[in-house]
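Worksheet for the structure shown next.
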Amino acid sequence: MSNLILIFVCLILGIVLKRAKIVPENFHSSLNAFVINISLSAFSLYYISKIELNSSVIFPALVPWIGIFFAIIFFYILGKIFSWKHSVIGALIMCAGFGNTSFIGIPVIQALYGDEGLKTVMLVDQPGFIALSTVGILVANFYSGSKDSLLKHLTKIIKFPPFIAFIIALILNAFSIEIPKEIDETLLKLGSTTVPLALVSVGSQMKWKKIEKQEGFYLFLGLTFKLILYPLLILILYKYLFLQNGKIIDISVLESAMAPMITAAIIAEAHHLDSKICNLMVAIGIPLSFVTLAIWHYILQVL
């Protein structure tokens, strides 16, 4: 219960700090930089180095890849049917194709499944960043008309601290190398800063704007895909097609049902895709996802 309370307290703190102008306009950028580069790196080293590597880990790792390719197909078809602008199609693909698997996913899964569930979260989150930095960048480039080099972005991935930590953790795991106790405890404490800092950042970035009729239609389709259709696809694929069960599969379904990823929305806006759709998807998707996640969790418990 304390973890659930923490989620809402930190979100509200972020909103209050920003509205009261107690903090600088872009203070969330500093929080994001610390969370992404330090906290998540520490989480990866701590949890991935200890997880039991077997065939079941492929299921959470595939979640973000299935999501982005499903989104590309889904919104490309809708875009053709309704003759949408490229900026709208691109924004919907980016915001509905990538989930908030760390900033929202970590506190939610920790609250529902405890610290053990965070191992699976990392198996979704880290491949998700790779998908965002490759396929996501290609989508943003294509729908914005940009010609940024793929090699440039691949270089960024290799230099990205959480990715480096992820690879190191896999090597430690594969060779059964234990991290010294003192360092391990330090990693856990650094990783524990992820939840409060990330949620304060999310709260400070939540913006609500007046919604026009057409924008409401885009928003409805985008959030229906992200919060309902996509997790339904993962549920059917994993539980009924591949006949998989257990905590790892349940967490994979919940991770697929997370709200739109803030980082994906930022990248979409930076590529001049429809910024209002991006803001609305994040601002409305995050609070709404707490309701839909509760429903998905109930469904998983009764199946």
Side-chain angles (χ1 to χ4, degrees), residues 7-8 10-21 25-26 28-29 32 67-68 70-101 103-105 108 132 136 139-140 143-145 198-232 256-296:
I7 291 174
F8 292 102
C10 289
L11 281 173
I12 293 169
L13 279 174
I15 294 171
V16 171
L17 287 171
K18 189 64 176 291
R19 293 288 177 88
K21 297 183 178 180
E25 182 67 24
N26 63 340
H28 64 271
S29 298
N32 291 348
I68 184 56
F70 183 29
I72 290 171
I73 295 169
F74 185 81
F75 290 108
Y76 172 79
I77 293 172
L78 285 182
K80 286 292 185 182
I81 293 173
F82 294 106
S83 300
W84 291 341
K85 295 179 181 178
H86 271 205
S87 61
V88 170
I89 300 172
L92 287 170
I93 291 174
M94 292 294 289
C95 293
F98 294 103
N100 210 318
T101 54
F103 281 30
I104 299 298
V108 168
L132 173 64
V139 168
Y143 282 102
S144 68
L199 288 170
V200 169
S201 174
V202 169
S204 71
Q205 295 175 77
M206 294 175 72
K207 301 175 183 177
W208 288 270
K209 298 181 179 180
K210 183 181 178 180
I211 304 174
E212 303 296 337
K213 183 177 180 180
Q214 187 62 40
E215 292 165 343
F217 181 58
Y218 298 147
L219 182 65
F220 171 76
L221 290 174
L223 292 180
T224 297
F225 175 93
K226 184 69 200 72
L227 304 179
I228 300 174
L229 297 181
Y230 174 40
L232 179 61
S256 71
M258 292 295 162
M261 182 193 287
I262 294 174
T263 307
I266 292 171
I267 290 174
E269 289 188 69
H271 283 76
H272 307 294
L273 301 180
D274 196 304
S275 61
K276 191 168 183 181
I277 292 175
C278 294
N279 287 330
L280 288 170
M281 284 285 289
V282 171
I284 296 178
I286 288 175
L288 182 60
S289 70
F290 289 114
V291 177
T292 54
L293 281 167
I295 295 171
W296 280 114

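Predicted model only: the values in this text are computed from it and were never measured.
Interatomic distance, SG of Cys95 versus CD1 of Ile267, reported as 10.5 Å (0.5 Å rounding). Note that CG of Leu232 is 9.5 Å distant from OG of Ser256, once rounded to the nearest 0.5 Å. The CG atom of Leu280 lies 9.5 Å from the OG atom of Ser275; values are rounded to the nearest 0.5 Å. If you take CG on Leu92 and CD1 on Ile72, they are separated by 13.0 Å, rounding to the nearest 0.5 Å. Of the inter-residue distances, the one linking Leu17 atom CG with Ile12 atom CD1 reads 12.0 Å to the nearest 0.5 angstrom.
By the side-chain contact (heavy atoms from CB on, under 4.5 Å) test, Ile81 is found to be paired with Ile77, residues two or more places apart in sequence or in another chain being considered. In terms of the side-chain contact (heavy atoms from CB on, under 4.5 Å) criterion, His272 has no residue partners (sequence neighbours excluded). With sequence neighbours left out, the ring-ring contact (aromatic ring centres under 6.0 Å, His included) criterion links Trp296 to no other residue. Residues satisfying the side-chain contact (heavy atoms from CB on, under 4.5 Å) test with Ala91, not counting sequence neighbours, are Leu273, Asp274, Ile277, Cys278. A search for side chain to side chain donor-acceptor pair (under 3.5 Å) contacts involving Ser201 returns Asn32, Gln205, not counting sequence neighbours.
For Met258 against Leu227, the heavy-atom pair with the smallest separation is O-CD2, 3.9 Å.
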In residues 213-225, what donor-acceptor pairs under 3.5 Å come from side-chain atoms, sequence neighbours left out?
| unit_1 | atom_1 | unit_2 | atom_2 | d |
| --- | --- | --- | --- | --- |
| Gln214 | NE2 | Tyr218 | OH | 3.3 |
| Glu215 | OE1 | Glu212 | N | 3.0 |
| Glu215 | OE1 | Lys276 | NZ | 3.1 |
| Thr224 | OG1 | Phe220 | O | 2.6 |

Would you list the atom pairs, donor with acceptor, under 3.5 Å between side chains in residues 286-295 and any protein atom, with sequence neighbours excluded?
| unit_1 | atom_1 | unit_2 | atom_2 | d |
| --- | --- | --- | --- | --- |
| Ser289 | OG | Gly285 | O | 3.4 |
| Ser289 | OG | Ile286 | O | 2.6 |
| Thr292 | OG1 | Ser289 | O | 3.2 |

Item to complete: Assess whether side-chain contact (heavy atoms from CB on, under 4.5 Å) is satisfied between Leu132 and Met94, documenting all intermediate values.
Response: CA-CA 9 Å; Leu132 173 64; Met94 292 294 289; 4.0 Å; yes
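The main-chain N or O of Ala259 is never found under 3.5 Å from a side-chain atom of Lys226 such that the two would form a donor-acceptor pair.
Under the 4.5 Å side-chain criterion, counting only non-hydrogen atoms from C-beta, Tyr76 is not in contact with Ile73.
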